[in-house]
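Notes follow once the structure below has been shown.
Predicted model, so just to flag it, every value in this text is computed and none were measured. Just so we're on the same page: letters track the sequence lines, and every chain starts at 1.
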Amino acid sequence: MTCETLTADDAALLFTWYDRHHRDLPWRVSPPMARQGVVADPYHVWLSEVMLQQTTVQAVKAYFDKFLRLWPTVEDLAAADTDDVMKAWAGLGYYARARNLKKCAEVVARGHGGRFPDTEEGLKALPGVGAYTAAAIAAIAFNRRSAVLDGNVERVISRLYAIETPLPAAKTEMRQRVSRLTPADRPGDFAQAMMDLGATICTPKRPTCALCPFRMKCMALSSAVPETFPIKAAKKEKPVRLGAAFVAIDGADAVYLRKRPETGLLGGMTEVPGTDWSARRDGETSVDARPFVAPWESCGTITHVFTHFELRLSVYRANVADAPPAVGGWWEPIASLKRQALPTVMKKAIAKAIPHAFKPG
DNA sequence: GAGACGTGGGC
DNA sequence: TGCCCAAGTCT
């Protein structure tokens, strides 16, 4: 009953489905072109894959276009100002990706003559390129028969074989399964077909198994409730952290900003001054965190949910007529705030203090 | 292996 | 509303 390998007929079913139902995405080569041996630009594939890490296709599209417009080649990105890269990435989240993106571009441009390594091993040595991304670039941009295992493929494989082992322990077995399934011909399209299948048919909640090219041999479909796979380890609850943020406005309608440390949470991004968020104390007692002596007024609180904690931030505003000299930060006009490297949580805090700050016009 | 690391959308 | 989820990587 178990299918150790996909037969040629099964692979043909998947490719037939993909040729007909694939998603058209800006970084892709269409299946007809792919069949003629055309491969996507490695720079485009790499850029899209890094952006897509834990991020939806919908969110990535606009950022992908923007990055290609700003930096058409990997050499352009390597030559860019890191702060400009952070500004362009602002809002996409997981900011270590942006820092590693810039480092990776420098390595490729200056260490590899502007060409990406064409092997899985070489790719995995690059900053921000892990097991998945290395396999994906190798398959999609270099036609390598690498085993591409992402969240979509994990779902498809776990159901196809009704794998009972919980994630992430099951990844080793899954990778072996994928490795055996991947064909020598069109391995990049095979990977993208498996991911499209997971994204559009073999979905987490309500899979449309009737439309699946593998419906005749899916063990989860025949023996159980397919949506129970993959089995995952239990989640832990999120702690709540409290903090305060201070939005100072000078006589010229500028807000006082500063830069966060290069590493850690929101590393290298821009913020308004505030308390730290690890201590459980509120803004009333955090006199030390105020950037200036001023008549601070409370504007209420904002809540922002990070991956591993929930933040409740008390927001304060003060008008500072004679702007004190900037010490470690700078005064940024409200009109240009939207172009700064402000993470979403900081935009929320500023918008709480200055409701019109990010409104168009 | 487990925790750190963002954000927005769907139900 | 709150929880789950999205083409993971690094330490």
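With sequence neighbours excluded, the residues satisfying salt bridge (Lys or Arg N to Asp or Glu O under 4.0 Å) with A:Asp189 are A:Arg186. Residues passing the side-chain hydrogen bond (donor to acceptor under 3.5 Å, both in side chains) test with A:Glu271 are A:Arg258, A:Arg260, sequence neighbours excluded. Here A:Arg145 pairs with nothing under the salt bridge (Lys or Arg N to Asp or Glu O under 4.0 Å) rule; sequence neighbours left out. The side-chain hydrogen bond (donor to acceptor under 3.5 Å, both in side chains) test applied to A:Thr133 returns A:Gln53, not counting sequence neighbours.
Under the 4.5 angstrom side-chain criterion for Ile, Leu, Val, Met, Phe, Trp and Tyr, the cluster partners of A:Ile231 are A:Phe229. Hydrophobic clustering, defined by side-chain heavy atoms of Ile, Leu, Val, Met, Phe, Trp and Tyr closer than 4.5 Å, groups A:Val29 together with A:Met33, A:Val38.
Heavy-atom distances under 4.0 Å link DNA chain C to A:Pro127, A:Gly128, A:Val129, A:Gly130, A:Ala131, A:Tyr132, A:Thr133 of residues 121-136 of chain A, given in residue order. Remark: A:Trp27, A:Arg28, A:Glu49 in residues 26-49 of chain A come within less than 4.0 Å of DNA chain C through at least one heavy atom.
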Protein-to-nucleotide contact annotation, 5' to 3' order, nucleotides 4-9 of chain B [B base; S sugar-phosphate only; - none; under 4.0 Å, heavy atom]: SBBBS-
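Under the side-chain hydrogen bond (donor to acceptor under 3.5 Å, both in side chains) criterion, the residue pairs touching residues 31-40 of chain A are A:Asp19-A:Arg35, with sequence neighbours excluded. Within the structure, ring-ring contact (aromatic ring centres under 6.0 Å, His included) pairs that include any residue of residues 321-359 of chain A comprise A:Tyr256-A:Trp331, A:Phe292-A:Trp331 (at least two apart or interchain).
For A:Phe15 and A:Tyr18, the distance between ring centers is not under 6.0 angstrom.
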Return a table of donor-acceptor pairs under 3.5 angstrom between the side chains of residues 44-51 of chain A and protein atoms on other chains or two or more places apart.
{"unit_1": "A:Ser48", "atom_1": "OG", "unit_2": "A:His44", "atom_2": "O", "d": "3.1"}
{"unit_1": "A:Ser48", "atom_1": "OG", "unit_2": "A:Val45", "atom_2": "O", "d": "2.9"}
{"unit_1": "A:Glu49", "atom_1": "OE1", "unit_2": "A:Tyr132", "atom_2": "OH", "d": "2.6"}

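At a threshold of 4.0 angstrom between heavy atoms, the contacts of A:Leu101 with the nucleic acid are absent.
For a distance-only test at 3.5 Å, the side chain of A:Arg155 fails to qualify as a donor-acceptor partner of the base of C:dA7.
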